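Everything on this sheet refers to the single structure shown next.
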Amino acid sequence: MHSDTPFLISTAIPYVNARPHVGFALELVVADAIARHRRQRGREVFFSTGSDENSLKNVRAAAELGVSTQTLVDENAAVFARLREVLDLSTDAFVRTSVDPGHRRAAEKLWRACFARGDIYRRDYRGLYCVGCEQFYAETELLEGRCPEHGTDPELVEESNYFFRLERYAERLREGIESGELRITPEHFRNEVLAFVDRGLVDFSISRSSERAKGWGIPVPDDSEQVMYVWFDALGNYISALGYADDGEHFRRWWSPAGERVHVLGKGITRFHALYWPAILASAGLAWPSALVVHGYLTVDGNKIGKSMGNAIDPAAIAERCGVDALRYFLLRHVRHGRDGDFGEARVWQCREAELANQLGNLLNRTVHMITRWFDGRVPTPQRSDPGHAELAAQVQGEIERAFDEARTDDALNALWSLVERANRFIVERAPWKLAKSRSDPETEAKLASTLYDAAELLRLVAVHLRPFLPGSSAELVRRLGLDPDAEADWETSCRWGGLVPGTRVRLGAPLFDKKASPLAPPARL
RNA sequence: GGGCCCAUAGCUCAGUCGGUUAGAGCGGCCGGCUCAUAACCGGUUGGUCCCUGGUUCGAGCCCAGGUGGGCCUACCA
């Protein structure tokens with residue numbers, strides 16, 4: 001893989017009818033870790049996110065609050081955009097579908113391209129429509145003829161909409177997914193999509209009457225009576241972020257078949273990304289995404305997250321109390337890739353204390369203290385490093401690379417943690433505090449020096465690998481080891497054992513993860 | 001109604017192709033150590049593998065039927 005191959009990564013763009021909750025923080029953080037990891041390995045990365053503002057749900061939410069739709073959307077989009085700082089994200093673009101001029105033009109251009117291909121046609125449609133839900137229901141979905149959400153009688157609505165010829169792309173989609181042209185991870189979501197294709201794909205509606213949409217949304221080109229179905233315009237954000245509307249150099253570079261194009265999304269919208277979106281792209285003569293990374297949903301203390309449940313946790317509040325890195329750490333290690341996971345502030349505190357403070361923070365502290373005390377704060381020269389350490393370094397690097405290839409951040413962190421565990425065990429085995437009592441013996445002195453070098457070098461490797469996950473803590477770790485966090489380093493070189501130069505001056509400092517910060521004393525039993 | 005996913009230790013989860021005594025981390029308990037943030041290290045405790053039936057010499061794993069939870073459900077087939 002050439003280092004100049006472009007790597008594009010995106011999150012889905014959420015509705016902004018309410019404030020963000022931790023579930024979306026998971027998606028952002030997973031995408032961010034992947035983006036940072038690829039940059040670290042020398043790739044050029046473009047990481048985009050944004051907000052889906054043309055949804056009818058936003059219109060409804062605004063009406064309930066008695067504010068204009070644009071006002072609601074502006075305010076909430078700002079809160080989502082602020083997550084960049086709150087969650088320490090490395091995003092390069094934030095697309096706002098209701099205000100970015102480039103987005104509207106991109107959606108129009110995409111529509112026209114599909115239309116020119118003959119994949120968009122008009123058809124009469126009649127269905128049972130619930131005004132409360134703003135959506136159509138099949139008869140079988142109704143409960144005793146009534147809306148399952150509201151218990152009201154649906155209206156029989158008849159209108160003419162535009163449709164996309166999905167059926168035409170069924171075989172093309174199946175082949176692309178089976179061959180891995182479009183990778184879907186984890187595999188069980190790929191299987192679900194293929195099973196869905198097997199049952200037959202039918203054309204889908206891509207517009208609504210302007211009246212039903214309350215005038216909100218992007219008008220269909222050359223037909224002001226209709227607005228685009230929100231999914232058509234929302235999916236387009238991935239290319240409007242790159243400047244598709246102007247077909248400039250930036251767009252051609254990043255949405256190029258030569259690079260990688262990865263979408264990170266929640267399991268609920270897999271179908272839109274695995275079928276509708278590639279079909280639209282194929283119709284418009286554009287490349288497909290190369291991979292979909294599908295994540296599961298979070299529950300909170302075992303309960304589904306919902307506004308009506310009043311348990312929509314604000315990720316900013318968690319980051320404020322526990323620290324961004326503890327939140328990122330929990331989401332990236334303790335929520336398994338592609339699976340649902342349970343979130344709770346007590347869980348974050350618990351792993352912050354047990355793993356971040358006790359295992360990692362204390363490892364740094366004890367190592368720096370010993371070097372300061374016995375070697376005047378300078379990393380000693382090792383006579384002979386433990387040969388197992390170079391081997392471990394290579395093994396961990398390989399495991400992390402393989403895990404990231406499949407977006408398994410949890411496994412990558414597990415692999416990384418074996419370095420932390422190894423270092424703590426190694427220190428106890430060597431018992432440097434005993435060696436320090438017989439320093440007049442050259443053999444003992446050499447052993448002491450080698451022991452502390454190895455501990456510090458293991459910590460350097462931890463910092464290298466921790467960087468995509470906990471960028472702030474990684475940088476601080478690097479500073480404590482007396483190195484420059486901003487120094488650019490080649491991936492292979494930085495992963496190799498022995499990078500720490502003897503004589504480097506380490507720095508004492510406040511605990512990396514201060515346990516006194518925990519409000520939960522004692523930590524909750526889980 | 002249909003499609004799909006999940007269920008293994010108190011908690012979070014591994015468990016390969018069906019193969020001997022079902023594993024890890026966290027928590028609990030006991031011990032060691034004193035460099036360190038009362039941290040660290042070792043040992044140990046802990047199981048109705050959701051239920052019922054089937055296939056098999058042998059099932060956590062395969063098959064059928066249930067139970068519980070989750071996601072999707074399109075002009076429906």
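If you're wondering where the values come from, they're calculated on a predicted model, not measured in any experiment. Lettering follows sequence order; numbering is per chain, from 1.
Taking side-chain N and O atoms only, A:Asn358 has no distance below 4.0 Å to OP1 or OP2 of B:rU37. For B:rA39, the OP1/OP2 oxygens have a side-chain nitrogen or oxygen of A:Lys515 closer than 4.0 Å. Dashed line: the shortest gap from a side-chain N or O of A:Arg425 to OP1 or OP2 of B:rG42 is under 4.0 Å.
Pair assignment for B:rU20: none, as no Watson-Crick or G-U wobble contacts are both less than 3.5 Å. The partner of B:rU56, taking Watson-Crick or G-U wobble pairs whose two distances both stay under 3.5 Å, does not exist in any strand shown. Nucleotide B:rU67 forms a Watson-Crick or G-U wobble pair with B:rA7, both donor-acceptor distances falling under 3.5 Å. Remark: B:rG46 base-pairs with no nucleotide; criterion is Watson-Crick or G-U wobble with both hydrogen-bond distances under 3.5 Å.
Only the P atoms considered, B:rC49 is 14 Å distant from B:rG23, to the nearest whole Å. For the C1' atom pair drawn from B:rA24 and B:rC62, the interatomic distance equals 26 Å after rounding to whole Å. Rounded to whole Å, the C1' atom of B:rG19 lies 24 Å from the corresponding atom of B:rC13. Rounded to whole Å, the P atom of B:rU52 lies 16 Å from the corresponding atom of B:rU8. Comparing B:rA9 with B:rC51, their P atoms sit 11 Å apart, to the nearest whole Å. Between B:rU44 and B:rC50, the distance separating the two C1' atoms is 29 Å to the nearest Å. B:rG65 sits 42 Å from B:rC26 when the P atoms are compared, rounded to a whole Å. Nucleotides B:rA22 and B:rG60 place their P atoms 10 Å apart, quoted to the nearest Å.
In the interface, the side chain of A:Asn362 is not paired with the base of B:rA39 through any donor and acceptor atom under 3.5 Å apart.
Atom pair A:Asp342:CG and B:rG10:C1' shows a separation of 15 Å (rounding to whole Å applied). Atoms CG (A:Leu292) and C1' (B:rC71) sit 16 Å apart, rounded to a whole Å. Look at CD on A:Glu355: it is 15 Å from P on B:rU12, rounded to the nearest Å. Put simply, CZ on A:Phe426 is 19 Å from P on B:rA36, counting in whole angstrom units. The separation between A:Phe189 atom CZ and B:rC71 atom C1' is 8 Å, rounded to whole Å. Taking atom CD of residue A:Glu192 and atom C1' of nucleotide B:rG3, one finds them 8 Å apart after rounding to whole Å. For the pair A:Leu508 CG and B:rU37 P, the interatomic distance rounds to 10 Å; values are reported in whole Å. At whole-Å resolution of the value, CZ in A:Arg208 and C1' in B:rA74 are 11 Å apart.
Listed nucleotides B:rA36, B:rA7, B:rC71 differ in distance to A:His369; the shortest reach to its side chain belongs to B:rA36. Proximity note for A:Trp433 (side chain, C-beta onward) versus B:rG70, B:rC26, B:rC33: the nearest is B:rC33. Side-chain proximity of A:Arg271 to the nucleotides B:rC72, B:rC13, B:rA36 is greatest for B:rC72. Here B:rC41 is the nucleotide among B:rC41, B:rC33, B:rC35 with the atom lying nearest to any side-chain atom of A:Asn424. The side chain of A:Ala195 lies closest to B:rG3, out of B:rC35, B:rG3, B:rC13. In the set B:rC33, B:rG27, B:rU73, the nucleotide with an atom closest to the side chain of A:Ala354 is B:rG27. Of the listed nucleotides (B:rC26, B:rA36, B:rU12), B:rU12 has the atom at the smallest distance from the side chain of A:Arg347. Checking B:rA7, B:rC33, B:rC26 against the side-chain heavy atoms of A:Gln350 singles out B:rC26 as nearest.
Two residues are said to be in side-chain contact when any heavy atoms from C-beta on lie closer than 4.5 Å; A:Pro468 and A:Leu332 fail this criterion. At least one side-chain heavy atom of A:Leu331 sits less than 4.5 Å from a side-chain heavy atom of A:Leu298. Residues A:Arg460 and A:Leu481 form a side-chain contact, since some pair of their non-hydrogen atoms from C-beta on lies under 4.5 Å apart.
Ring geometry for A:Trp417 against A:Tyr329 counts as tilted: the plane angle lies between 30° and 60°, on a 0 to 90° scale. Ring geometry for A:Tyr453 versus A:Trp497: interplanar angle over 60°, hence perpendicular rather than tilted (30 to 60°).
Within 4.0 Å of A:Gly361, counting heavy atoms only, lies at least one base atom of the nucleic acid. Nucleic acid contact for A:Leu512: base, since at least one base atom lies under 4.0 Å from a heavy atom of the residue. Residue A:Phe196 is in base contact, counting any heavy-atom pair closer than 4.0 Å across all strands shown. When heavy atoms are screened at a 4.0 angstrom cut-off, A:Pro511 is found touching base atoms of the nucleic acid. Within the nucleic acid shown, A:Phe164 has no heavy atom closer than 4.0 Å to any nucleic acid atom. Using a 4.0 Å heavy-atom cutoff across all strands shown, A:Gly200 reaches at least one base atom of the nucleic acid. Residue contacts for A:Trp417: at a heavy-atom cut-off of 4.0 Å it reaches no nucleic acid atom on any strand shown.
The only option from A:Glu355, A:Arg347, A:Gln350 that meets the side chain to side chain donor-acceptor pair (under 3.5 Å) definition with A:His334 turns out to be A:Glu355. Of the residues A:Arg122, A:Arg212, A:Arg123, the one that meets the salt bridge (Lys or Arg N to Asp or Glu O under 4.0 Å) test with A:Glu159 is A:Arg212. Of the candidates A:Leu364, A:Leu508, A:Val506, A:Leu364 is the only one forming a side chain to side chain contact (heavy atoms under 4.5 Å, CB included) with A:Arg480.
Residue whose closest nucleotide on RNA chain B sits further toward the 5' end, between A:Arg336 and A:Val428: A:Arg336. The residue among A:Gln359 and A:His334 whose nearest nucleotide of RNA chain B lies closer to the 5′ end is A:His334.
Ring centroids of A:Phe204 and A:Trp231 are separated by 6.0 Å or more, keeping the two rings apart.
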